Undergrad: 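My questions all concern the structure below.
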Amino acid sequence: MFKKILIANRGEIAVRIMRACRDLSISPVAVYSEADRDALHVRLADEAYLIGAAPSVESYLLIERVIEAVLKSGAEAIHPGYGFLAENASFARAVKEAGITFIGPTAEAMDLMGSKTSARRVAIEAGVPVVPGTTEPLESFADAQETAAQFGYPVMLKASAGGGGKGMRLVESADGLRSAFETAQSEAQAAFGNPEVYLEKAVERPRHIEIQIFADTHGNCVHLGERECSIQRRHQKVIEECPSPIDEPSLRERMGAAAVLAARAVDYVGAGTVEFLVSDTTRDFYFLEMNTRLQVEHPVTELVTGIDLVREQIMVAQGAQLSFTQDDVRWSGHAIECRVYAEDPDNNFMPSPGRITQLRVPAGPGIRDDGGVSANAEVSIYYDPMISKLAAWGRDRAEAIDRLRRALDEYAVGGIKTTLPFFREIVRDEEFIAGRLDTGFIARFNERRAGAAQADEAADETQRDMALIAAALHYSERQKAPVAQAATAEQSKWRMAGRAALRGRS
Amino acid sequence: MFKKILIANRGEIAVRIMRACRDLSISPVAVYSEADRDALHVRLADEAYLIGAAPSVESYLLIERVIEAVLKSGAEAIHPGYGFLAENASFARAVKEAGITFIGPTAEAMDLMGSKTSARRVAIEAGVPVVPGTTEPLESFADAQETAAQFGYPVMLKASAGGGGKGMRLVESADGLRSAFETAQSEAQAAFGNPEVYLEKAVERPRHIEIQIFADTHGNCVHLGERECSIQRRHQKVIEECPSPIDEPSLRERMGAAAVLAARAVDYVGAGTVEFLVSDTTRDFYFLEMNTRLQVEHPVTELVTGIDLVREQIMVAQGAQLSFTQDDVRWSGHAIECRVYAEDPDNNFMPSPGRITQLRVPAGPGIRDDGGVSANAEVSIYYDPMISKLAAWGRDRAEAIDRLRRALDEYAVGGIKTTLPFFREIVRDEEFIAGRLDTGFIARFNERRAGAAQADEAADETQRDMALIAAALHYSERQKAPVAQAATAEQSKWRMAGRAALRGRS
Amino acid sequence: MKLTAELDGAEQQIELRREGERVWARVDGRSYELSVRETEAGAYLLIDDGRVYECRVESTHAQPDAVQVHVRTQTYALTLSDPKRLRGGHGGAGGHGVDGSAQIVAPMPGKIVRVLVEVGAAVKAGDGIIVVEAMKMQNEMKAPRDGVVSEIHAASGATVNAGDILATIE
Amino acid sequence: MKLTAELDGAEQQIELRREGERVWARVDGRSYELSVRETEAGAYLLIDDGRVYECRVESTHAQPDAVQVHVRTQTYALTLSDPKRLRGGHGGAGGHGVDGSAQIVAPMPGKIVRVLVEVGAAVKAGDGIIVVEAMKMQNEMKAPRDGVVSEIHAASGATVNAGDILATIE
């Protein structure tokens with residue numbers, strides 16, 4: 001058994017992986033940037049090494065600094081989490097060359113699946129159906145124009161190296177192509193260090209459904225069922241569930257078999273996810289890409305199958321056989337996850353960095369919150385603004401929604417804006433409750449929401465009066481009392497610390 | 001569906017019940033004493049009514065004040081939780097007479113099962129085996145002396161109205177009988193308003209295993225399997241698990257059938273628990289008592305069966321059929337719960353009331369914490385010192401222990417002593433890990449622990465030095481900086497508030 | 001104590017008297033007798049004839065009189081003023097200036113990635129003006145209305161703070 | 001800065017120099033160079049050559065120099081003193097008095113339920129002396145050693161605070 005594992009990541013996923021390490025009595029080692037000196041993932045680690053400045057290209061993306069840290073710590077393995085270096089084959093190679101175990105697939109599998117164009121080729125060869133699109137990166141804007149005209153609009157621009165919606169743009173007509181092409185390239189460069197983008201025909205009203213697979217080094221490859229990830233904004237998932245509201249065992253079986261086929265085609269090892277577009281009418285599915293890593297939405301699969309995916313990753317990395325066979329896998333109940341972001345849903349989901357002044361995390365039956373922050377934590381401008389994944393399990397989808405609604409209402413985050421109010425509306429939305437999901441859900445939801453806003457206005461006069469009275473009480477408190485001033489002094493100190501953090505390396 | 005439910009309780013169980021109400025879109029109403037003006041259960045309620053002074057006999061035990069509150073609020077039902085009035089048949093009658101639904105069994109069933117002596121008679125008539133003992137309350141000390149001599153020491157004194165270890169005393173020999181008899185009577189009077197106690201032959205090295213049952217008003221009565229509750233101190237459970245480490249389906253079936261028999265004998269409705277002593281060698285089991293209410297340890301059953309017992313209680317109370325049949329009930333994985341008490345394990349588990357200055361609640365896969373406090377909360381001297389129930393689920397017992405150990409290490413409570421350090425040692429204890437449990441476990445564990453203490457002493461010199469350095473840093477901080485003084489002023493304010501609370505009604 | 005609050009563009013008069021844990025209040029003619037507990041700095045637990053309102057008051061950084069109050073799952077943004085105290089003008093930053101011009105204001109700290117227009121350019125509502133990057137997301141700041149770009153205060157690569165005026169359209 | 005700490009009966013010398021987030025320390029001859037962050041009041045995140053120690057310092061109410069430090073799952077109770085400052089005696093409350101008598105001290109706030117002995121009674125170690133109730137539990141306070149009860153400061157029904165001396169045995 002490994003004695004020590006270095007986690008080459010930050011935030012909630014670093015904390016999640018550390019918990020699996022602790023379960024296995026493995027000592028977790030953190031790395032951190034200057035912006036993360038007192039981050040939760042540092043505080044929960046046994047060891048922590050500074051690997052550079054706040055911008056991730058100067059720290060979390062620096063392969064050599066991570067390798068330095070792992071050698072210094074004496075850890076035997078590296079878990080990359082997701083994002084950052086998780087799908088970087090050069091990193092996997094560098095780790096291997098340093099004599100350290102990389103917790104993930106081989107660099108070869110990552111190469112094949114890491115580029116979406118190459119992944120498409122693999123899928124086609126393995127007999128897995130794909131969406132019409134280019135298999136090579138676009139060479140120029142002219143190339144993009146020509147290809148888009150050939151497929152017919154709408155088309156989708158995607159980063160070859162990408163994931164998470166970054167470098168992805170839906171283009172409705174020829175007018176928007178140039179700006180979208182340039183922005184996608186530039187985002188792809190910033191996020192992945194590779195500006196290549198490619199084009200796909202956009203499938204209308206598609207469902208985004210993915211299959212979790214797991215393979216060991218002994219030739220076993222098993223699927224753990226699907227996750228429905230159709231609720232997306234800016235092409236980034238925000239709510240995921242397991243099983244899909246479609247919940248059709250025969251579809252699960254067919255998609256699972258296709259996913260295992262794709263994984264076997266690259267001799268996959270560890271946890272991976274094969275993403276499909278599913279036509280809601282025909283129930284045909286098309287291979288989109290394979291993510292050669294853990295997914296943000298892994299908790300819903302864990303809640304429904306009972307299998308701890310991170311624990312299993314660690315066990316498989318040290319050569320163990322999978323702890324389950326395909327026949328052992330049972331899907332019990334229903335789980336839904338919300339990604340809680342530090343973003344302002346009333347202002348086009350603009351990031352809302354800052355100091356978290358209050359934090360009440362929901363708990364109780366069926367609720368799991370995988371968070372990466374604590375009260376007083378600073379949400380930095382440098383990284384992905386996700387502060388937590390909130391998941392609810394129920395015996396059926398209705399019970400899972402009941403619990404999710406309760407947990408969202410209980411959740412309180414002060415000092416920054418979050419997507420919580422947005423989710424509170426979604427779980428009360430009739431279309432969501434009915435499970436009518438596709439990737440256009442949020443756009444339609446926003447229209448319904450705009451229409452309903454007027455009605456809510458006069459909502460609860462007494463509650464509004466209480467808000468006014470509380471504000472007035474606070475105002476009068478601040479006029480007097482040295483104690484109140486003390487609290488203010490404390491806040492100023494935090495604010496100054498916050499500003500210093502925003503200035504970065506100053 | 002009920003619109004509003006009043007929860008006639010406080011602390012973690014009130015919070016737990018409110019969560020079930022919220023799941024069902026039912027508005028929860030709290031009651032509170034003067035000591036609980038800003039308690040978490042008040043803050044999470046939609047409505048809250050003051051029902052009296054801090055001592056529970058002047059508030060939470062005052063039937064008329066609770067009835068007043070329910071009528072004022074317009075709630076249609078009362079959930080009594082556990083403790084306080086939960087097993088008080090007069091309360092159930094008063095609720096019914098006020099035209100309100102009591103979420104629990106009939107007053108008649110409570111009468112029959114509420115007194116342990118009458119419960120024994122019911123069990124005997126129903127053909128359920130019982131431990132040798134008196135079936136009537138002891139009339140006098142002389143009666144106690146005579147009966148004890150007849151059974152032979154050791155004997156057990158128990159409160160007729162009791163539960164939770166209060167008013168319970170193990171008497172090893174005739175010498176200790178008088179003091180134990182008086183203390184048990186006096187505790188029984190204080191806790192339940194009824195001084196009656198009775199005697200039982202004490203079974204040696206017994207396991208304490210109980211069966212959760214559930215019945216509706218349509219004649220369905222189902223068992224949800226067992227909970228092992230052998231780890232007790234002062235005859236009060238501190239760690240419970242489901243299933244028992246014995247995990248023998250045939251034993252579960254036999255005990256389940258006996259429990260259903262007992263429940264049917266009193267036309268039971270709702271959630272109830274039948275407690276048994278099980279001989280570890282013969283696997284014979286003896287009826288001990290039936291608790292006509294929810295149990296503290298209900299989460300482990302919920303985690304393993306997936307059934308939300310409180311939700312089910314509410315549904316059954318409004319006339320719904322059970323949402324499952326005996327055949328539907330599946331036991332999946334293993335769950336263990338620790339009762340986190342504000343007590344000092346290094347000082348004979350003395351209560352440790354006070355202000356909670358820091359609170360980090362564990363989370364992540366398989367962890368559920370049902371808490372009743374928040375940071376800055378005051379743990380009062382007036383009530384049971386349990387601040388939370390921490391439960392871990394795993395695919396098997398070993399995984400559940402792994403996760404529980406991790407969660408216990410992650411849990412941090414500042415300002416008061418808790419039983420967390422004690423649990424951290426238990427989950428690392430070989431006998432616990434092996435599942436060799438009986439009610440003598442803690443006594444043996446304490447002996448092993450005393451032996452091991454020397455070895456730990458020199459543990460980690462560097463860590464001790466860090467503690468010294470942190471203390472020195474803190475000392476030097478306090479010498480300077482207005483900001484530090486501000487924090488101190490804030491603390492003093494809290495401390496004063498704390499003292500005021502301790503003075504009670506002053 | 002009497003205060004004026006501005007909420008959603010409407011003014012509300014608040015009268016308040018507090019004695020320990022009791023508060024008597026009038027808001028726009030509606031009277032309340034409440035119990036109040038300050039559970040932590042800025043958090044007020046109000047109970048109005050049994051109804052529980054846990055209110056958390058937060059000051060927004062720059063303006064001390066502008067507060068956000070969170071009650072249950074709602075947030076109320078309001079500005080308080082004490083009529084007894086002399087006060088200066090509101091000095092609204094961002095949005096529409098008094099002269100009818102429209103300003104593009106950085107909604108968060110970040111870095112300017114691209115400036116898409118030049119001073120003097122005619123733009124239509126919805127046209128992209130400046131691309132700001134923060135938290136790895138690029139956000140295109142769009143023209144709020146038709147007009148001519150009169151000022152640009154942003155250069156590619158520059159770091160900006162929330163509230164900085166990036167461009168003005170007249 | 002130099003301090004003396006008493007921990008588990010042993011004295012430790014601590015030397016400390018802090019410059020912003022760096023700390024140089026010597027404890028009993030062992031040298032450390034640490035990075036430090038104060039994550040909240042009283043909480044110090046120390047990193048010693050990669051090893052992470054999250055330390056939380058709490059003062060116990062009455063004595064400002066007596067602190068508890070929580071590190072990971074351990075708690076260290078220690079007393080600090082600054083040799084440069086003049087200080088009075090320790091004044092230990094409870095436990096064994098200087099004259100060899102033993103005191104029974106209330107371990108928590110509560111109510112006296114019963115007094116089991118009278119002044120002048122001869123008692124053995126382990127004999128019950130007084131029953132205190134708190135949080136619905138009755139706790140029998142036992143004699144710590146053989147002796148004669150010389151004082152009783154508790155009466156049935158009285159409320160006591162933590163640290164109150166309830167009885168003395170000589």
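These values consider heavy atoms only, across backbone and side chains, with no hydrogens, waters or symmetry-generated copies. Chain A is the first sequence line, chain B the second, and so forth, proteins listed ahead of strands; every chain is numbered from 1. Quick caveat, the model's predicted, so the values are computed rather than measured.
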Undergrad: Looking at chain B, which one of Gly364(A), Gly306(A), Pro365(A) has the largest number of heavy-atom pairs inside 4.5 Å, strictly under?
TA: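 Ranked by heavy-atom pairs under 4.5 Å with chain B, first place is Pro365(A).
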
Undergrad: Would you compute the distance between atom CG of Asp369(A) and atom CG of Asp369(B) and round it to the nearest 0.5 angstrom?
TA: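 Result: 12.5 Å between the selected atoms.
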
Undergrad: Measure Ser323(A) against the heavy atoms of chain B and call it side chain, backbone, both or neither at under 4.5 Å.
TA: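 Both backbone and side chain.
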
Undergrad: So which part of Arg311(B) gets closer than 4.5 Å to some heavy atom of chain A, the side chain, the backbone, both or neither?
TA: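 It is the side chain, since no backbone atom gets that close.
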
Undergrad: Please classify the contact between Arg360(A) and chain B as side chain, backbone, both or neither, with a heavy-atom cut-off of under 4.5 Å.
TA: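 For Arg360(A), side-chain heavy atoms alone lie under 4.5 Å from chain B.
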
Undergrad: State, yes or no, whether a side-chain contact exists between Ile367(B) and Arg19(A) at a heavy-atom distance under 4.5 Å.
TA: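 The answer is no, as the side chains (C-beta and beyond) never meet within the 4.5 Å cut-off.
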
Undergrad: Count the heavy-atom pairs under 4.5 Å between each of Arg368(B), Glu12(B), Arg22(B) and chain A, then report the option with the highest count.
TA: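 Looking at each of Arg368(B), Glu12(B), Arg22(B) in turn, Arg368(B) comes out on top.
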
Undergrad: Is Asp308(A) salt-bridged to Arg403(B), going by a charged N under 4.0 Å from an acidic O?
TA: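 Salt bridge flag = yes for Arg403(B) with Asp308(A).
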
Undergrad: Which answer fits Leu44(A), side chain, backbone, both or neither, if we ask what part of it has an atom under 4.5 Å from a heavy atom of chain B?
TA: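 Contact with chain B is through the side chain of Leu44(A) alone.
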
Undergrad: Given side-chain hydrogen bond (donor to acceptor under 3.5 Å, both in side chains), test Ser25(A) with Arg405(B) step by step and report yes or no.
TA: CA-CA 9 Å; Ser25(A) 297; Arg405(B) 186 187 61 237; 3.2 Å; yes

Undergrad: Could you check which of Arg16(A), Glu410(A), Arg406(A) has the highest count of heavy-atom pairs closer than 4.5 Å to chain B?
TA: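 Looking at each option in turn, the highest pair count goes to Arg406(A).
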
Undergrad: Between Arg395(A) and Glu302(B), is there a salt bridge with N-O shorter than 4.0 Å?
TA: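 Between Arg395(A) and Glu302(B) there is no salt bridge, as every charged N stays at least 4.0 Å from the carboxylate O atoms.
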
